[in-house]
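All remarks here apply to the structure that follows.
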Amino acid sequence: MLILTCPAQLQRLEGVLRRSLPLALPVLGAVMNINRGNPGEFEVVVDSWPHFGAVLARPSREMPVDDCYRNRNAAFYRDVGAYRALLETPGCLRWDTAFHIFGLQDGVATVSQAIAGVKGIEFEVSEYYTYLHPDPSTLPEPRLDPDMRVGSLSPVHIDLLNETWAYGGNERSRRYLAEVLGCFPNLCLQDGAGQPLCWVLTDPFGAGTHGYTLPAHRQRGHMRAVLALAARRAQARGFPTFGHTAVGNRPMQRLQLELGHRQVPGLCRFVLHNPGLGRAGP
């Protein structure tokens, strides 16, 4: 196992991952952030270099044992055997903590299942569709109501984000959202008083996340506008425009297809290890 710290190696890895899209999307986003100041404090481990068989993007700092929100890891592999060997390497992961691994390849779930069986730990798998826009510059300019303006969320909105996020409502999710808001781009539509009505965040892996419109302001095209604007900004930063949508969220699936996103074949699987730890405490 090697931790890549050399800027030249990380730049080379970014190029390799770009040529491995769309399967490498989550790891590519993390590596791009690392190469641009590393606001999320991540690092990359590989089984070997330069001819790697597996790569994992993981937090570079120690995480609380029960914080599965901030302890998220993205995986991409060329060889599933190399991927399993990497995860089983001492020091790669702490298997006594609550953590997520996610990726767009079937082995992300099957390898976790195999290792969890050997170690006797519990795990849960959540499945999502991933959507990628081929060229956000083709998106039409959104038409906004005259009394609305484009803005950004601020720390004063953390409680609102935590209350409206389907996976939020606790202190760990609040800390995670505060970090995401403070480190990565976000965009919102505001009313005349400056209050956010609709928004989308960006996670540490470059994906759009927590897209939400307040119930009283739905069915007005606000989310369509926010997604189009966020896609253009991501493209301007050089990032791919993508996100993961729950398999049961049909309205968001339809909207992304209408905007020209393409559904990536297969599923993105988020594997939560030791879910009992993640639910303990506040």
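The model shown is predicted, which means the values in this text are computed figures rather than measured ones.
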Next item on the list: Hey, can you tell me if Phe99 and Trp95 have their rings parallel, tilted or perpendicular (30° and 60° cut-offs)?
Entry: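 Rings of Phe99 and Trp95: perpendicular, as their planes differ by over 60°.
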Notebook entry, point to check: Mind checking whether Trp165 and Tyr69 have parallel, tilted or perpendicular rings, split at 30° and 60°?
Noted result: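 Tilted: the ring planes of Trp165 and Tyr69 meet at 30° to 60°.
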How many angstroms lie between atom [atom1] of [X] and atom [atom2] of [Y], to the nearest 0.5 angstrom?
X	Y	atom1	atom2	result
Leu214	Asp191	CG	CG	9.5 Å
Asp47	Thr89	CG	OG1	8.0 Å
Asn73	Leu56	CG	CG	5.0 Å
Trp49	Gln9	CH2	CD	6.0 Å
Leu28	Asn33	CG	CG	9.5 Å
Leu86	Ser48	CG	OG	9.5 Å

Would you find a donor on one side and an acceptor on the other, under 3.5 Å apart, between the side chain of [X] and the backbone of [Y]?
X	Y	value
Arg70	Arg175	no
His210	Leu161	yes
Arg78	Phe52	yes
Tyr77	Gly107	yes
Asn274	Leu277	no
Thr213	Arg218	no
Asp145	Met148	no
Asn186	Val200	no
Arg58	Cys92	yes
Gln105	Leu23	no

Checklist line | Derivation of the side chain to side chain contact (heavy atoms under 4.5 Å, CB included) call for His133 and Leu139 | finding: CA-CA 10 Å; His133 202 290; Leu139 288 167; 3.5 Å; yes
Next item on the list: Before giving the answer on side chain to side chain contact (heavy atoms under 4.5 Å, CB included), spell out for Asp159 and Arg174 the whole-Å C-alpha distance, their side-chain angles and the decisive distance to 0.1 Å.
Entry: CA-CA 7 Å; Asp159 287 335; Arg174 190 180 190 281; 2.7 Å; yes
State, to 0.1 Å, how close [X] and [Y] come at their nearest heavy-atom pair, and which atoms those are.
X	Y	result
Thr202	Pro185	OG1-O, 2.9 Å
Glu43	Ser60	OE1-CB, 3.6 Å
Tyr83	Ala54	CA-CB, 3.4 Å
Pro22	Leu132	CB-CD2, 4.4 Å
Ser152	Gln190	O-NE2, 3.6 Å
Ala234	Pro240	CB-O, 4.4 Å

Note to self: Is it the case that atom CD in Glu258 sees more than 12 heavy atoms from other parts of the structure closer than 6.0 Å?
What the structure shows: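 Atom CD in Glu258 is crowded, with more than 12 foreign heavy atoms closer than 6.0 Å.
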Check: More than 12 heavy atoms of other residues, nucleotides or ligands under 6.0 Å from CZ of Arg262: is that the case?
Finding: no
Checklist line | Verdict with reasoning, Glu62 to Arg94, per side chain to side chain contact (heavy atoms under 4.5 Å, CB included) | finding: CA-CA 10 Å; Glu62 192 76 14; Arg94 282 194 58 189; 2.8 Å; yes
Validation row: [X], [Y] side chains within 4.5 angstrom (heavy atoms):
X	Y	value
Leu259	Tyr131	no
His157	Pro196	yes
Arg254	Leu257	no
Leu160	Leu153	no
Leu4	Val31	no
Ile101	Leu87	yes
Pro204	Val180	yes
His273	Ser112	yes

Given the rule that I, L, V, M, F, W and Y join up when any side-chain heavy atoms are under 4.5 Å apart, are [X] and [Y] in one cluster?
X	Y	value
Tyr176	Leu201	yes
Val80	Val55	no
Tyr167	Trp199	yes
Val108	Val27	no
Val44	Ile3	no

Notebook entry, point to check: Between Leu272 and Phe123, is a side chain to side chain contact (heavy atoms under 4.5 Å, CB included) present by the stated rule, with each step listed?
Noted result: CA-CA 5 Å; Leu272 172 58; Phe123 71 98; over 6 Å; no
Next item on the list: Please assess Glu14 against Arg36 for the test salt bridge (charged side-chain N to carboxylate O under 4.0 Å, His left out), listing each intermediate value before the final yes or no.
Entry: CA-CA 11 Å; Glu14 181 177 324; Arg36 291 155 181 78; 3.1 Å; yes
Notebook entry, point to check: Do Phe102 and Tyr128 have ring centroids that are under 6.0 Å from one another?
Noted result: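 Distance test on ring centres: not under 6.0 Å, no.
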Check: Do Arg232 and Glu141 sit within salt-bridge range, that is, some charged N less than 4.0 Å from a carboxylate O?
Finding: yes
Checklist line | Residues Glu179 and Arg61 bridged, charged N to O under 4.0 Å | finding: yes
Margin query: Would you say Asp135 and Gln235 are linked by a side-chain donor-acceptor pair, where the criterion is simply a distance under 3.5 Å?
Written below: yes
Let me check something: any side-chain donor-acceptor pairs from residues 242-251 under 3.5 Å, sequence neighbours excluded? List them with distances.
| residue | atom | partner | partner atom | Å |
| --- | --- | --- | --- | --- |
| His244 | ND1 | Thr130 | OG1 | 2.8 |
| Thr245 | OG1 | Gln256 | NE2 | 2.6 |
| Asn249 | OD1 | Met252 | N | 3.3 |

